[in-house]
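Accompanying notes for the structure given below.
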Amino acid sequence: GPAIQQAVLMRPSAFSSMVATFEAQEDKNRGTLARRQAWLNGTAVPGLARTKLFAGCSDKFLFDVAVTLSEAEHEPGETLAVCGRDSTSMLVLLEGKVELVTHSGTRVGTRSAGATVGDVACIGLFPRWMATVRALTRCRVLVVTQEALFMALEDEEVGDLREGLARLEEERRSQVARGLPLVGFEGLGLSAEEPSVRVVALLSERLLLGQGETIEPERDDGPYGANLCFVHRGRLHVQLGEEEVLSFGPGAVLPEGLVAEFGARVITDSACEVYRIGRTDFELALASDPGAQKWVWQFKMREKDFVKKLKTRLMNVKGLVNTSSPTFRDEEIHRWAARLKYRTNQAAHLRQARAGFEFELVPAEDPPEGFHPMQVQGSSTHMV
């Protein structure tokens with residue numbers, strides 16, 4: 001501007017120093033921009049893509065979400081969020097492990113790298129932290145704000161994502177109003193007005209499946225921990241290899257981790273409506289409502305009986321599959337059996353010959369490769 005021009009005219013000797021300072025600052029800015037770009041492409045975007053909420057979204061959309069965000073680091077023991085406080089953000093764990101603690105101090109579970117905490121607050125369904133989040137190890141965390149998410153959704157190219165998020169909100173609100181999946185669980189006598197029922201409904205993912213579709217079970221040691229599947233409508237069966245393990249329908253609670261442990265899968269026999277919730281979220285819902293104690297023990301007894309039955313069937317079918325499957329020693333076993341049969345026939349022939357019986361020797365099959373038959377010469381035998 002004019003002031004800089006006047007200053008240069010008054011002190012020409014300072015011009016070169018100003019240019020050097022400006023260029024140094026430009027180099028520093030370019031370096032900062034390059035590091036920021038590398039962080040966005042190498043850390044933030046892949047970190048968002050690993051989460052359940054953003055799985056399947058385009059890199060461009062994830063970049064737009066991440067462009068205004070920053071990463072935070074926490075040491076073991078530090079608190080990342082406090083139960084009950086207002087929130088419109090979610091935490092994405094890039095590295096490390098955290099524990100989730102209720103308002104009363106009860107630890108209900110853990111989350112590790114790749115998981116999120118606070119999804120329902122970020123998308124506008126519940127504006128508070130449902131649990132206190134505390135670092136168990138050194139953690140790197142990405143804080144995704146509702147503002148960043150909604151700004152990215154304003155892009156005309158992501159209209160389908162906007163519609164999908166709107167459907168998700170409507171679906172969750174409907175689940176809460178109907179109290180699903182717990183109200184549909186026969187024998188518990190629950191209503192949609194009970195706090196624990198509403199929290200479970202809010203945190204449950206609804207799966208609508210057609211006949212013949214497959215649910216790939218998640219392992220208990222995944223980022224979110226163990227999952228439970230509530231069957232509300234339809235029938236499914238667990239299958240190990242080509243063998244059916246167990247068929248079940250409404251009222252069943254399937255522990256995904258057990259199915260995954262045996263390498264089995266879940267296949268629908270008809271159109272199904274299934275609700276999936278993390279074990280940690282389920283325990284969090286129970287801890288939020290003292291009234292849940294009146295039904296939770298009956299629920300856990302039924303769950304325990306189903307798990308015992310399923311595990312027994314899985315073990316039996318796995319044993320059947322293992323005994324009928326070919327092994328790398330099958331060929332060796334067949335050769336050994338052929339050698340044993342050949343030697344048994346030869347021994348019978350020798351016993352009869354020594355006893356003075358006369359018989360017609362029936363030519364045996366060619367001996368197995370590498371086998372040297374016993375032969376009689378005089379009163380002794382030797383290998384040829």
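Keep in mind the model is a prediction, meaning the values are calculated, not measured.
Pairing each heavy atom of P255 with each of L310, the nearest pair is CD-CD2, 4.2 Å. Across every non-hydrogen atom of L284 and A131, the tightest pair is CD1-CB, 3.8 Å. Shown here for A192 and R178, the closest heavy-atom pair between the two residues is CB-C, 3.8 Å. The two residues F150 and L165 come nearest to each other via the heavy atoms CE2-CD2, 4.1 Å.
Checked by atom type and distance alone, the side chain of D64 never pairs as donor or acceptor with a backbone atom of A152 at under 3.5 Å. Under the 3.5 Å distance criterion, the side-chain polar atoms of S87 are matched with a main-chain donor or acceptor of S89. E71 places no side-chain N or O within 3.5 Å of a backbone atom of L94 that could act as its donor or acceptor partner. In terms of modelled atom types and a separation under 3.5 Å, the side chain of R50 and the main chain of A115 share no donor-acceptor contact. At distances below 3.5 Å, not a single donor-acceptor pair connects side-chain atoms of T51 with backbone N or O atoms of T116. Within the 3.5 Å criterion, the main-chain N or O of C83 finds a donor-acceptor partner in the side chain of T132. Distance alone, capped at 3.5 Å, is enough to place a donor-acceptor pair between the T344 side chain and the L340 backbone. Between the side chain of Q175 and the main chain of A201, a donor-acceptor pair closer than 3.5 Å is present. A distance-only check finds no donor-acceptor pair linking the side chain of R265 to the backbone of E216 [under 3.5 Å]. For the pair R134 (side chain) and P76 (backbone), a donor-acceptor distance under 3.5 Å is absent.
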Would you sort out whether R111 and D281 count as a salt bridge (Lys or Arg N to Asp or Glu O under 4.0 Å), showing the intermediate values?
-> CA-CA 11 Å; R111 299 274 167 88; D281 289 336; 2.9 Å; yes
Verify side chain to side chain contact (heavy atoms under 4.5 Å, CB included) between V92 and V143, making sure each step is shown before the conclusion.
-> CA-CA 6 Å; V92 177; V143 182; over 6 Å; no
Going through the distances and angles, do V245 and Q239 end up as a side chain to side chain contact (heavy atoms under 4.5 Å, CB included)?
-> CA-CA 5 Å; V245 177; Q239 184 170 313; 5.8 Å; no
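Residues L69 and V144 form a side-chain contact, since some pair of their non-hydrogen atoms from C-beta on lies under 4.5 Å apart. No side-chain heavy atom of F63 sits less than 4.5 Å from a side-chain heavy atom of L48. Under the 4.5 Å side-chain criterion, counting only non-hydrogen atoms from C-beta, E194 is not in contact with R198.
One finds the CG atom of L91 at 6.0 Å from the CG atom of L80 (value rounded to the nearest 0.5 Å). With rounding to the nearest 0.5 Å, the separation of CG in D59 from CG in L40 is 12.0 Å. Here L228 contributes atom CG and Y275 contributes atom OH; the two are 15.5 Å apart, rounded to the nearest 0.5 Å. In this structure, NE2 on H74 lies 11.5 Å from OG1 on T137, to the nearest 0.5 angstrom. Taken to the nearest 0.5 Å, the CG atom of L182 stands 7.0 Å off from the OG atom of S196. Expressed to the nearest 0.5 Å, how far SG of C229 lies from CG of L207 amounts to 6.5 Å.
K309 has no carboxylate O lying under 4.0 Å from a charged side-chain N of D305, or vice versa, which leaves the two without a salt bridge. Contact check on E73 versus R138 returns a salt bridge, with a Lys/Arg side-chain nitrogen under 4.0 Å from an Asp/Glu carboxylate oxygen. Classification of R172 and E205 as a salt-bridged pair fails, no side-chain N sitting under 4.0 Å from a carboxylate O. Using a 4.0 Å cut-off between charged nitrogen and carboxylate oxygen, E283 and R279 count as a salt-bridge pair. Between R162 and D155, no side-chain nitrogen of the basic residue sits less than 4.0 Å from a carboxylate oxygen of the acidic one, so the salt-bridge criterion is not met. E243 and K318 are not joined by a salt bridge, as no carboxylate oxygen comes within less than 4.0 angstrom of a charged side-chain nitrogen.
Taking the six-membered ring where tryptophan is involved, the planes of F282 and F230 are tilted, since the angle between them lies from 30° to 60°. Ring geometry, F54 versus F61: the interplanar angle falls from 30° to 60°, so the pair is classed tilted.
W129 and L136 fall into different hydrophobic clusters, where Ile, Leu, Val, Met, Phe, Trp and Tyr residues are linked whenever their side-chain heavy atoms come under 4.5 Å apart, directly or through other members. Under a hydrophobic clustering in which Ile, Leu, Val, Met, Phe, Trp and Tyr are joined whenever their side-chain heavy atoms come within less than 4.5 Å, directly or via other members, V200 and I123 fall into the same cluster. Under the 4.5 Å side-chain heavy-atom criterion for grouping Ile, Leu, Val, Met, Phe, Trp and Tyr, V108 is connected to L202 within one hydrophobic cluster. If you chain together hydrophobic residues whose side chains sit under 4.5 Å apart, V253 and V183 fall into the same group. In this structure, L258 is not a member of the same hydrophobic cluster as F299, with clusters built from ILVMFWY side-chain heavy atoms closer than 4.5 Å.
Defined by atom type and a distance below 3.5 Å, a donor-acceptor pair is missing between the side-chain atoms of S112 and Y224. Side-chain N/O atoms of R235 and S247 include a donor and acceptor closer than 3.5 Å. Side-chain contact, S104 with T102: a donor N or O sits under 3.5 Å from an acceptor N or O.
Looking at residues two or more places apart in sequence or on another chain, you find a salt bridge (Lys or Arg N to Asp or Glu O under 4.0 Å) between D221 and R219. The side chain to side chain contact (heavy atoms under 4.5 Å, CB included) check on E147 picks up T145, M151, with sequence neighbours excluded. Looking at residues two or more places apart in sequence or on another chain, you find a salt bridge (Lys or Arg N to Asp or Glu O under 4.0 Å) between E171 and R206.
A 6.0 Å sphere centred on CD of Q293 holds more than 12 heavy atoms belonging to other residues, nucleotides or ligands.
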